[in-house]
Number of protein chains: 2
Amino acid sequence: MQTNINDVAQQANVSIATVSRTFRHPELVAKKTRDKVLAVAEELNFSISRSATIFQTGQSFRIALLLNDQFASWFNSRIFEGLDSVFHPAGYDLSVYPIASQNDRRSFFSTLPVRRNADAVIVPSFNIDLGEAERLRSTGIPLIGINALPADAFTLSIAIDDKQAMRLVVRHLISLGHRRITFFRVKHDSDSSLKFSASQRAQGFLDECRDNGIAPLVLDVVEDDSRVDQALTQLLTLPDMPTAICCQQDSLAVPLIFKLQQYGYEVPRDISVTGFDDTYYARQIGLTTVRQQPRTMGAIAAKRIISLLEGNDVETKHEVLPVQLMFRTTTAPARRLADD
Amino acid sequence: MQTNINDVAQQANVSIATVSRTFRHPELVAKKTRDKVLAVAEELNFSISRSATIFQTGQSFRIALLLNDQFASWFNSRIFEGLDSVFHPAGYDLSVYPIASQNDRRSFFSTLPVRRNADAVIVPSFNIDLGEAERLRSTGIPLIGINALPADAFTLSIAIDDKQAMRLVVRHLISLGHRRITFFRVKHDSDSSLKFSASQRAQGFLDECRDNGIAPLVLDVVEDDSRVDQALTQLLTLPDMPTAICCQQDSLAVPLIFKLQQYGYEVPRDISVTGFDDTYYARQIGLTTVRQQPRTMGAIAAKRIISLLEGNDVETKHEVLPVQLMFRTTTAPARRLADD
DNA sequence: TTGTAGGCGTTATCAG
DNA sequence: CTGATAACGCCTACAA
């Protein structure tokens with residue numbers, strides 16, 4: 001049997017109230033009493049039961065995190081890490097709800113399993129339905145978006161501007177003289193509206209091309225282990241090889257470069273390639289890409305949420321973090337036509 | 001104010017016991033009553049409070065996961081994913097305790113923050129002190145090891161045989177005629193005994209070399225963003241370039257291959273390279289490596305733990321999962337001396 | 001099949 | 001500074 005607060009109180013010749021205070025508000029307890037209690041607690045292997053505390057508090061100290069995707073993806077695992085780095089020390093636990101399809105999502109928002117069972121719901125990276133958001137928020141649970149839209153569906157939101165970031169990339173390529181640029185988009189089997197960033201990036205590409213009078217070419221690959229081969233096949237059967245390739249994410253760009261080189265295309269001499277995310281591999285191979293820092297986003301979000309839950313006014317409700325174009329060695333000036 | 005079980009009971013003209021049963025043991029409630037209760041619950045936006053249930057049960061429904069490292073590492077995030085895929089649906093939450101140093105570890109095991117606050121403690125991938133393990137287990141909390149030693153410190157354990165797996169790799173290289181083989185080990189800033197698998201792999205390399213009368217060469221790189229450059233520098237300043245390179249993990253091998261090629265070394269024509277893990281990038285570039293499946297390990301561990309917590313006898317206490325050598329395109333027969 | 005009542009371990013309030 | 005006591009919301013014997 002576990003020892004409880006009663007055992008300690010008895011053994012230490014104090015009331016349970018004093019034991020509780022010793023842990024909760026030590027400053028209200030005389031040092032002598034406190035030491036006695038702590039000694040007994042130590043001896044009896046006692047510590048306050050979080051379940052009981054949580055129960056009596058009425059707060060759940062649980063944060064629901066909806067994940068649309070492989071949990072272990074680059075983005076998601078870093079978001080989690082950032083969130084947990086703040087939440088865990090503050091006594092909150094994260095509870096991961098897998099949302100793989102629109103159906104999952106609908107079911108989540110109609111049964112609201114988090115009702116009374118989570119202090120907040122965090123939605124990274126997918127579009128949300130205004131009605132659903134409203135339904136959740138009407139239960140008093142704040143809804144927080146990370147790279148998600150529309151902003152006004154959320155109590156708080158934090159994001160990067162994927163569209164703008166991709167425009168940066170395209171502008172970079174254009175300034176290097178590229179005019180034949182191909183964009184590779186990764187199609188997910190699951191519902192695409194669960195992948196908010198993906199569509200934003202493609203849109204940014206299209207917009208920037210249009211503004212510069214360039215005919216954009218967007219190619220799709222399905223998100224499976226053959227995605228790079230799919231990309232390569234499409235590239236090599238193009239009537240005109242592009243001079244630059246924009247990939248939706250590093251995880252496509254890195255192996256693509258590898259394979260292009262195997263097929264005799266030198267990067268960036270023959271063709272420039274860009275990524276998005278700034279992953280470890282991007283840094284290692286010198287990929288030109290966009291740096292975003294999901295871990296930081298998670299940590300900031302967590303801090304805001306805690307502040308909100310503690311009843312403070314949150315100054316910034318909707319924040320957009322800056323990103324950085326990392327100009328490295330996989331992009332170079334387009335070869336002049338005369339060189340061909 | 002949240003509605004509670006009382007409100008529902010009143011509104012539905014039944015006792016709270018009936019409401020509770022409607023959710024807990026629906027089969028014990030007359031269909032008519034049940035429907036009535038559910039209707040009222042729906043109307044009042046009620047659902048059972050997990051906090052209260054957990055509290056009253058006495059179980060915490062929380063599983064502590066000690067992580068030694070970047071949470072978002074390939075291995076750890078997949079372990080988490082596997083664990084959560086089983087735990088979450090079963091009503092358990094994972095609570096991540098960061099253990100970055102021996103000090104953190106000591107402090108964890110001396111203050112035992114999980115005492116009464118977790119149903120089990122999971123330790124992936126680092127060595128554990130028998131005394132500490134005993135201390136924890138004496139509180140009645142099971143301790144589970146994933147790729148951790150020594151086995152008898154744990155209530156349950158599940159692992160791959162890193163040492164044996166690396167021997168497989170070396171044997172493969174030897175069978176291809178390689179005799180000059182270099183092993184690259186990744187040194188972690190944090191205490192090395194927190195990295196159990198790493199030392200096992202290096203040991204496997206040494207053992208297999210010795211058994212084949214080969215003089216082993218182990219080189220270290222520090223785990224920062226320059227690790228690949230460190231490896232390359234060491235390689236290129238060697239009196240004798242090896243014919244094969246064994247990397248402790250894919251994340252070193254993949255960019256190393258990339259850079260070797262930039263320096264004019266063709267893989268595998270000039271030099272063979274192997275990895276360990278079988279990550280996405282390994283598959284994409286055709287790296288010869290060892291496949292391990294941490295997600296599966298996590299899922300199996302979770303199932304066992306739940307079974308244990310439910311009081312069932314667990315048949316297999318210590319399980320070693322098989323791994324698979326993935327022979328791909330980065331290894332080839334060693335060039336005969338005459339060719340040089 | 002349903003209701004009654006006790007108890008889970010803590011915290012907060014209020015009195016001393 | 002400390003003690004007594006009433007919640008907190010649910011579950012489960014046990015009784016009806």
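Only a predicted model underlies this, so the values are computations on that prediction, with no experimental measurement involved. All chains are named by letter (A, B, ...) in the order of the sequence lines, taking the proteins before the strands, and each is independently numbered beginning at 1.
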Student: Only counting residues at least two apart or in another chain, list the ones meeting salt bridge (Lys or Arg N to Asp or Glu O under 4.0 Å) with A/E315.
Tutor: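 Applying salt bridge (Lys or Arg N to Asp or Glu O under 4.0 Å) to A/E315 gives A/R304.
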
Student: Write down the distance between CZ (A/R115) and C1' (D/dG9), rounded to a whole number of angstrom.
Tutor: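 Taking atom C1' of D/dG9 as the reference, CZ of A/R115 is at 16 Å.
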
Student: In whole Å, I'd like the distance from the CZ atom of A/F23 to the P atom of C/dA12.
Tutor: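 So the CZ-P distance, A/F23 to C/dA12, works out to 15 Å.
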
Student: For B/R116 and C/dT10, is the shortest distance between a side-chain N/O and OP1 or OP2 below 4.0 Å?
Tutor: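 The answer is yes; a side-chain N or O of B/R116 sits under 4.0 Å from OP1 or OP2.
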
Student: I need the CD-P distance between A/E27 and D/dT2, as an integer number of Å.
Tutor: 12 Å

Student: Go through residues 47-58 of chain B and report each residue with a non-hydrogen atom lying under 4.0 Å from DNA chain C, sorted by number.
Tutor: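 Correct list: B/F55, B/Q56.
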
Student: When the distance from CG of A/L44 to C1' of C/dG9 is rounded to whole Å, what number comes out?
Tutor: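 Going from CG in A/L44 over to C1' in C/dG9 covers 15 Å.
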
Student: Return a table of donor-acceptor pairs under 3.5 angstrom between the side chains of residues 136-158 of chain B and protein atoms on other chains or two or more places apart.
Tutor:
residue, atom, partner, partner atom, Å
B/R137, NH1, B/A153, O, 2.9
B/S138, OG, B/R135, O, 2.7
B/T139, OG1, B/L136, O, 2.5
B/N147, OD1, B/I160, N, 2.8
B/T155, OG1, B/L143, N, 2.9
B/T155, OG1, B/L143, O, 3.3
B/S157, OG, B/H318, ND1, 2.7

Student: Quick test: give all pairs of protein nitrogen or oxygen and nucleotides 2-5 of chain C nitrogen or oxygen below 3.5 Å, distance rounded to 0.1 Å.
Tutor:
residue, atom, partner, partner atom, Å
C/dT2, OP1, B/T33, OG1, 2.1
C/dT2, OP2, B/A30, N, 2.8
C/dG3, OP2, B/S15, N, 2.9
C/dG3, OP2, B/S15, OG, 3.1
C/dG3, OP2, B/T18, OG1, 2.6
C/dG3, N7, B/R21, NH2, 2.8
C/dG3, O6, B/R21, NH1, 3.1

Student: Rounded to the nearest Å, what distance is computed from the CZ atom of residue A/R24 to the C1' atom of nucleotide D/dG3?
Tutor: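 Distance check: A/R24 CZ to D/dG3 C1' gives 19 Å.
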
Student: Among pairs that include at least one residue of residues 4-16 of chain A, which meet side chain to side chain donor-acceptor pair (under 3.5 Å), considering only residues two or more places apart or in two chains?
Tutor: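 Pairs touching residues 4-16 of chain A that pass the test: A/S15-A/T18.
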
Student: At under 4.0 Å, does any side-chain N or O of B/H25 touch on OP1 or OP2 of D/dT12?
Tutor: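 The answer is yes; a side-chain N or O of B/H25 sits under 4.0 Å from OP1 or OP2.
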
Student: Any side chain to side chain donor-acceptor pair (under 3.5 Å) pairs touching residues 77-91 of chain A, not counting sequence neighbours?
Tutor: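 Output for this query lists A/E81-A/R295.
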
Student: Grab the CG-C1' distance between B/D7 and D/dC10 for me, whole Å please.
Tutor: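 So the CG-C1' distance, B/D7 to D/dC10, works out to 13 Å.
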
Student: Under a 3.5 Å threshold, yes or no: a donor from one side chain and an acceptor from the other, between A/N117 and A/R62?
Tutor: no

Student: Mind checking the OG1-CZ spacing from B/T111 to B/R106? Nearest 0.5 Å is all I need.
Tutor: 13.0 Å

Student: Parallel, tilted or perpendicular for A/Y92 and A/F61, by the 30°/60° rule?
Tutor: tilted

Student: Describe the nucleic acid contact of A/F46 in one word from base, sugar-phosphate, nothing, applying a heavy-atom distance below 4.0 Å.
Tutor: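 Sugar-phosphate contact only.
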
Student: Nearest whole angstrom, please: distance from the C1' of C/dG7 to the CG of A/N6.
Tutor: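 Rounding to the nearest Å, CG of A/N6 and C1' of C/dG7 are 12 Å apart.
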
Student: Rounding to an integer number of Å, can you tell me how far B/Q59 CD sits from D/dC10 P?
Tutor: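 Rounded to whole Å, this separation is 19 Å.
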
Student: Is the number of heavy atoms from other residues, nucleotides or ligands within 6.0 Å of CD (A/Q70) greater than 12?
Tutor: no

Student: Are A/D119 and A/S60 close enough that a side-chain donor and a side-chain acceptor fall under 3.5 Å?
Tutor: yes

